[in-house]
Amino acid sequence: MAITLKKAPLVELVADLRWTPSLSSAQDQTGAAVMIPQSLVDPSQAELFFQQFGGAIYQHGFKSVERLIPHSMPLPPDQMVCRYRQAGTDAQPVLVQVGTNQFSVNALPPYKSWADFRPWIEKAVAALLEVRPDSLPFRASVRYIDAFRRDLTEGKNPTEFLDSELGIGVKLPDSLAKRKRGPGKVKSSITVNIPIDGMQMTVKAGEGLISGETVTILDTQVTSSPDIAPTIEAVMAAFDEAHTIIHDSFMELVKPIIDRLEPTGN
């Protein structure tokens, strides 16, 4: 049985796919040829894609649709256009979003486990592959955002908590440390990029605000190289690998405070 954290600090989990946008040739003011996203020139193909995806994801209970960019506006790449949710009292805590070259499945609170979330990712990916008009490869990523509140940090400020409890810290040279004046605390944030066999792990840690409360944010993302085949098997394998890397790293990182997270199982 997998370990479950009763007081898990997770606030957001996203499984994301991106691909190269379709391009059209055009000319700039000098007459030189340029390539611009197809959706900015003629959004009709993208609109058909959104309509067809809406029908495919509807079959899995995602009947509530929110349009994020109005029909009258251009459709830029790398932005979500439509958001889909389940409706009714038995709706799952899952959100699906799609744009002209981007797709994501988001876990909403209360998040239980990857095992519970994964089948919904697979259903949404299957719907995407069913209607996507091309077969370009994907870049896949999984991202976890954790927020450690005061009950988990035991009152330490984010910089102190990251350094003393999780081992994530910045050591200032004397030339900077001696400049400190007054009672305020030194604050730091950190971004680390770690290559992992065709993937990259990015960890960001520092201070953040949630509902007006100062919290310690740990933002961890693992991204594949952009050559994931557009098949359900390849996509889910990439997501599973990224999740495993993040999960195992997190569990090792929080060992010093694991009792505060109230783990169950083994």
Side-chain angles (χ1 to χ4, degrees), residues 10 12-23 37-39 43 45-62 65-69 75-86 92-108 111 114-145 193 195-202 219-247:
L10 184 70
E12 186 173 359
L13 166 55
V14 184
D16 181 274
L17 291 175
R18 301 186 187 213
W19 56 94
T20 303
S22 299
L23 301 175
Q38 168 88 23
S39 58
Q45 185 178 16
E47 293 293 353
L48 177 60
F49 165 56
F50 299 143
Q51 182 181 0
Q52 292 174 333
F53 179 77
I57 201 69
Y58 184 94
Q59 304 304 314
H60 300 294
F62 291 83
V65 184
E66 179 185 358
R67 181 82 181 201
L68 303 177
I69 298 179
L75 300 175
D78 302 317
Q79 290 193 30
M80 296 301 186
V81 178
C82 296
R83 179 178 291 161
Y84 306 85
R85 302 173 188 265
Q86 291 195 340
Q92 297 295 315
V94 178
L95 174 72
V96 178
Q97 299 184 104
V98 70
T100 59
N101 69 311
Q102 187 176 1
F103 160 91
S104 73
V105 188
N106 302 52
L108 304 175
Y111 172 75
W114 179 257
D116 289 319
F117 181 46
R118 188 187 188 281
W120 294 104
I121 302 175
E122 190 165 6
K123 290 175 183 178
V125 171
L128 174 70
L129 295 176
E130 179 184 334
V131 302
R132 199 166 71 115
D134 55 55
S135 57
L136 293 170
F138 291 121
R139 183 174 72 252
S141 71
V142 173
R143 182 184 184 192
Y144 278 71
I145 299 178
N193 294 310
I196 309 175
D197 292 335
M199 292 185 153
Q200 177 165 286
M201 183 178 191
T202 301
D219 183 342
T220 310
Q221 183 171 7
V222 172
T223 304
S224 73
S225 59
D227 57 356
I228 302 301
T231 67
I232 192 71
E233 295 81 10
V235 169
M236 294 309 300
F239 282 151
D240 285 336
E241 183 178 0
H243 159 260
T244 298
I245 292 170
I246 296 174
H247 174 269

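Contact of the Phe62 side chain with the Trp120 side chain is registered, since non-hydrogen atoms from C-beta on lie closer than 4.5 Å. Using a 4.5 Å heavy-atom threshold, the side chains of Val125 and Phe103 count as touching. Within the 4.5 Å cutoff, no side-chain heavy atoms of His60 are placed close to those of Val96. Between Val142 and Thr220 there is no side-chain heavy-atom pair separated by less than 4.5 Å. Between Pro195 and Gln200, every side-chain heavy-atom pair lies at or beyond the 4.5 Å cut-off. When side chains are defined from C-beta on, Gln51 counts as touching Leu48, because their heavy atoms get closer than 4.5 Å.
When Thr100, Val131, Asp134 are each tested for a side chain to side chain contact (heavy atoms under 4.5 Å, CB included) with Phe49, only one passes: Val131.
Looking at every heavy atom in both residues, Ile245 comes nearest to Val222 through CG2-CG2, 3.9 Å. Taking every heavy atom of both residues into account, Tyr84 and Leu95 meet most closely at O-CD1, 3.6 Å. Met236 and Glu122 make their closest contact through SD-CA, 3.9 Å (heavy atoms, listed as atom of the first residue, atom of the second, distance). For the pair Ala238 and Ala140, the tightest heavy-atom approach, listed with the atom from each and the gap, is CB-CB, 4.1 Å. Taking each heavy atom of Arg132 and Ser135 in turn, the nearest pair found is NH2-C, 3.7 Å. Here the closest non-hydrogen pair linking Pro133 and Gln45 is CB-NE2, 3.7 Å.
When the shell of 6.0 Å around CG of Asp197 is examined, it contains 12 or fewer heavy atoms from other residues, nucleotides or ligands.
Here the straight-line distance linking atom CD of Gln102 with atom CZ of Arg139 works out to 9.0 Å at 0.5 Å rounding. Expressed to the nearest 0.5 Å, how far NZ of Lys123 lies from CD1 of Ile57 amounts to 9.5 Å. Distance check: Leu75 CG to Leu68 CG gives 11.5 Å after rounding to the nearest 0.5 Å. Once rounded to the nearest 0.5 Å, the distance linking CG of Leu17 with OG of Ser104 reads 9.0 Å. Expressed to the nearest 0.5 Å, how far CZ of Phe117 lies from CG of Leu13 amounts to 4.5 Å. Distance check: Ile121 CD1 to Asn106 CG gives 10.0 Å after rounding to the nearest 0.5 Å.
A donor-acceptor pair under 3.5 Å links the side-chain atoms of Asn101 to the main chain of Asp78, judged by distance alone. Formation of a donor-acceptor pair under 3.5 Å by the Gln86 side chain with backbone atoms of Gln92 is found in this model.
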query: Do Thr223 and Thr202 pass the side-chain contact (heavy atoms from CB on, under 4.5 Å) test, and can you show the C-alpha distance, the side-chain angles, and the key distance before you say yes or no?
result: CA-CA 8 Å; Thr223 304; Thr202 301; 6.0 Å; no

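By the ring-ring contact (aromatic ring centres under 6.0 Å, His included) test, Tyr144 pairs with no residue at all, sequence neighbours left out.
Sequence neighbours left out, the pairs with a member in residues 121-142 that pass ring pair (Phe, Tyr, Trp, His ring centres under 6.0 Å) are Trp19-Phe138.
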